[in-house]
Amino acid sequence: MSNSDVFYTNLYIDGAWKDGASGERFDVLNPATEEVIASVASAEIADADAALNAAEAAMGAWNAKKPRERSEILRKAWELMSARLEDFARLITLENGKAGNDARGEAAYAAEFFRWFAEEAVRTDGLLTHAPASGARIMVQHKPAGIAVLVTPWNYPAAMGTRKIAPALAAGCPVIIKPARETPLTMQALMPLLEEAGVPKGMVNVLPTKSSGAIVDHLLHDPRVRVISFTGSTQVGRKLLHGAADQVLKPAMELGGNAPLIVFEDADLDVAVEGAMLAKMRNLGEACTAANRFYIHESVADAFAEKFTAAMAKLKLGNGLDPDVDVGPLVNAETRDKVAHFVRDAVEKGAEVLLGGEAPDGPGFYYPPTVMRNVPDNADCTCDEIFGPVAALQTFSDTEEVIRRANDTEYGLVAYVFTEDMKRGLQVCERLEYGMVGLNRGLVSDPAAPFGGVKQSGLGREGGHEGMLEFMETQYISASW
Ligand code: NAD
């Protein structure tokens, strides 16, 4: 932290910074040093009500704007954020820990949602057709759904917010966003920028809180709320779906993953290693898209392990603000301890550590890049998200076997496949029960593509053409004239 760092630490309601009704605050830590970097106001029920009133009051005027006007405000937000990527990256590193390159990548990705949805805001397709039997006209249009509650995780403090705010504004919905307790500062820092872009007061409200359960539950039970868009763990997602049921809210759920990464015997191993590094180490493994189970064909397993371990060994662990560092600390002690457990458990069950495997002494929640092989199917890390810089290598011998093992999970967010045989590659992709598949690529996230999972990895899609529809209701008018 330097003296020039400026933090916004209050609640943002109706375009103004507020202390919060209870006056209570909570600390935000720098995961690299364990020092407190800010004390943030904690929202209470009265603050949630104030945000709801502000959102309700703002919605009409925003919807009266022409789509082009809304689009230009979003485009301006992209320009402003793009001009300040370094500031956002620094803030992301300070509160989340991730290394500079990861933070810069996130900031650029986050900004891109404003540009993409500026382009989508002017393309809300409808339909006009004849009813086959009656000859009446079938008219279909999409309308803003209403106030949206957005709940976001700590692993992408900027992008998980903008991936929801941009489509909501494009669709015409005011939002109340509850950022993660570990990382509220990035979302707060975005607010002056949205004001400058021309987003009217009340359209975006930010409620950091240490009482997430109570505040979000209260919001979900206010009749003015129509959408709950959540990114986080499957466990919390299930709770929010229960809460959403009482008012039959429109849910968008981006939940946990357990991504398989499959390397066939004919894969270009350099491409596979490069893809595996991205799929595992982007965001130091703290990503729902992180490769969690590596299935390497037995005939290339040793060669892959050697090249991949060599690439992992080159990564430098340290404070993310140091420009030479590739891998920052994990976000908190709990996450670091969980990662350490996964390694201990796998070793006890027979895995061999090829690299890393020992957390250094603090301060800082560090865990080094780690590679294990011969990880058995009953190791905890094969059923649960590792969420850290640990690669668990396993082998397979035939295609049917690997498809079965890859699909043997309650999750279905993303899978990765490496092969030079595109016919086989596409056949395997289609049989994988995943919302997204990277074929000879270790990165699938793109604002222009529909991001999301199947099974217990979620409901709905963010980005692409689908992202805006999550904040809209379909209306059909049957007309004769
Ligand atoms: P989390 O579920 O613990 O928390 C997510 C958010 O929910 C935070 O803002 C948290 O404060 C809030 N929350 C926690 N308990 C709540 C409750 N009872 N009621 C209302 N809100 C509550 O997840 P996390 O640890 O912050 O993030 C990691 C998880 O997020 C991983 O499982 C990861 O896979 C998932 N994730 C998914 C995606 C995706 O797009 N599918 C993207 C990023 C992260």
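First listed ligand is number 1; within each ligand, the first listed atom is number 1. The structure presented is a predicted model; accordingly, all values stated were derived computationally and were not measured. The basis for the numbers below is simple: all heavy atoms, side chains too, and nothing from hydrogens, waters or symmetry mates. Position 1 is the first residue of the sequence, and the numbers go up from there.
Among Val204, Ile165, Ile177, Leu80, the single residue meeting the side chain to side chain contact (heavy atoms under 4.5 Å, CB included) criterion with Leu190 is Ile165. Under the ring-ring contact (aromatic ring centres under 6.0 Å, His included) rule, Phe294 has a single partner from Phe418, Tyr416, Phe308, which is Phe308.
For the residue pair Asn292 / Asn258, a side-chain donor-acceptor distance below 3.5 Å is found, with atom types taken as modelled. The closest side-chain donor-acceptor pair between Arg282 and Asn101, if any, does not fall under 3.5 angstrom. Side-chain contact, Glu120 with His465: a donor N or O sits under 3.5 Å from an acceptor N or O.
With a 4.0 Å cut-off on non-hydrogen atoms, Glu182 does not touch ligand 1 at all. Using a 4.0 Å cut-off between heavy atoms, Asp217 makes no contact with ligand 1 at all.
Near Gly256, the atoms of ligand 1 lying under 4.0 angstrom from a non-hydrogen atom of the residue are 32 (O), 34 (O). Ligand-side atoms of ligand 1 in range of Leu240: 19 (N), 20 (C), range being under 4.0 angstrom from any heavy atom. Applying the 4.0 Å criterion to heavy atoms of Phe451 picks out, from ligand 1, the atoms 39 (C), 40 (O). Each of the atoms 2 (O), 13 (N), 14 (C), 15 (N), 16 (C), 17 (C), 22 (C) of ligand 1 lies under 4.0 Å from some heavy atom of Val236. Within the listing of ligand 1, atoms 43 (C), 44 (C) sit less than 4.0 angstrom from a heavy atom of Asn155. Under a 4.0 Å criterion applied to the non-hydrogen atoms of Thr231, ligand 1 contributes the atoms 5 (C), 36 (N), 37 (C), 38 (C), 39 (C), 40 (O), 42 (C), 43 (C), 44 (C). The Gly213 neighbourhood of ligand 1 comprises atoms 17 (C), 18 (N), 19 (N), with distances under 4.0 Å to a heavy atom of that residue. Near Val151, meaning under 4.0 Å from any of its heavy atoms, are these atoms of ligand 1: 6 (C), 7 (O), 9 (O), 12 (C).
At least one heavy atom of Trp154 sits less than 4.0 Å from an atom of ligand 1. Ligand 1 does not have Glu334 within reach: every non-hydrogen atom of the residue lies 4.0 Å or more from it.
Centroid-to-centroid, the aromatic rings of Trp78 and Tyr109 stay 6.0 Å apart or farther. Not less than 6.0 angstrom separates the ring centroid of Tyr411 from the ring centroid of Tyr434.
Here the protein heavy atom with the shortest distance to atom 8 (C) of ligand 1 is Thr152 O, 3.2 Å. When only non-hydrogen protein atoms are considered, atom 21 (N) of ligand 1 lies nearest to Ser212 CB, 3.8 Å. Scanning the protein heavy atoms around atom 42 (C) of ligand 1, the nearest turns out to be Cys288 SG, 3.0 Å. Shortest contact from atom 41 (N) of ligand 1 to any protein heavy atom: Leu255 O, 2.7 Å. The nearest protein atom to atom 27 (O) of ligand 1, hydrogens excluded, is given as Pro153 CB, 3.4 Å; this is a heavy-atom distance. Annotation: atom 31 (C) of ligand 1 to nearest protein heavy atom, Glu385 OE1, 3.3 Å.
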side-chain hydrogen bond (donor to acceptor under 3.5 Å, both in side chains) assessment of Arg431 paired with Asn407: CA-CA 9 Å; Arg431 290 185 57 202; Asn407 286 337; over 6 Å; no
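Side-chain contact between Leu249 and Leu220 is present, with heavy atoms from C-beta onward closer than 4.5 Å. By the 4.5 Å heavy-atom criterion applied to side chains, Tyr12 and Gln188 are not counted as neighbours.
Closer than 4.0 Å to atom 25 (O) of ligand 1 lies at least one heavy atom of the protein.
Ion pairing of Lys98 with Glu286 is absent here, as no side-chain N (NZ or NE/NH1/NH2) approaches a carboxylate O to less than 4.0 Å.
Geometrically, Arg405 does not engage Phe396 in a cation-pi contact defined by less than 6.0 Å to the ring centre and at most 45° from the axis. Judged by the 6.0 Å and 45° rule, Lys239 forms no cation-pi pair with Phe230.
On a distance-only criterion, Tyr156 and ligand 1 share no N/O pair closer than 3.5 Å.
Across the listed options Pro184, Gly453, Ser233, Ser233 owns the non-hydrogen atom lying nearest to atom 2 (O) of ligand 1. Residue nearest to atom 10 (C) of ligand 1, selected from Met436, Arg163, Arg181, Lys178: Lys178 (by heavy-atom distance). In this comparison of Gly232, Ala287, Ala214, the heavy atom closest to atom 35 (C) of ligand 1 sits on Gly232.
Minimum interatomic distance between Met281 and Asp102 (heavy atoms only, all atoms of both residues): O-OD2, 4.2 Å.
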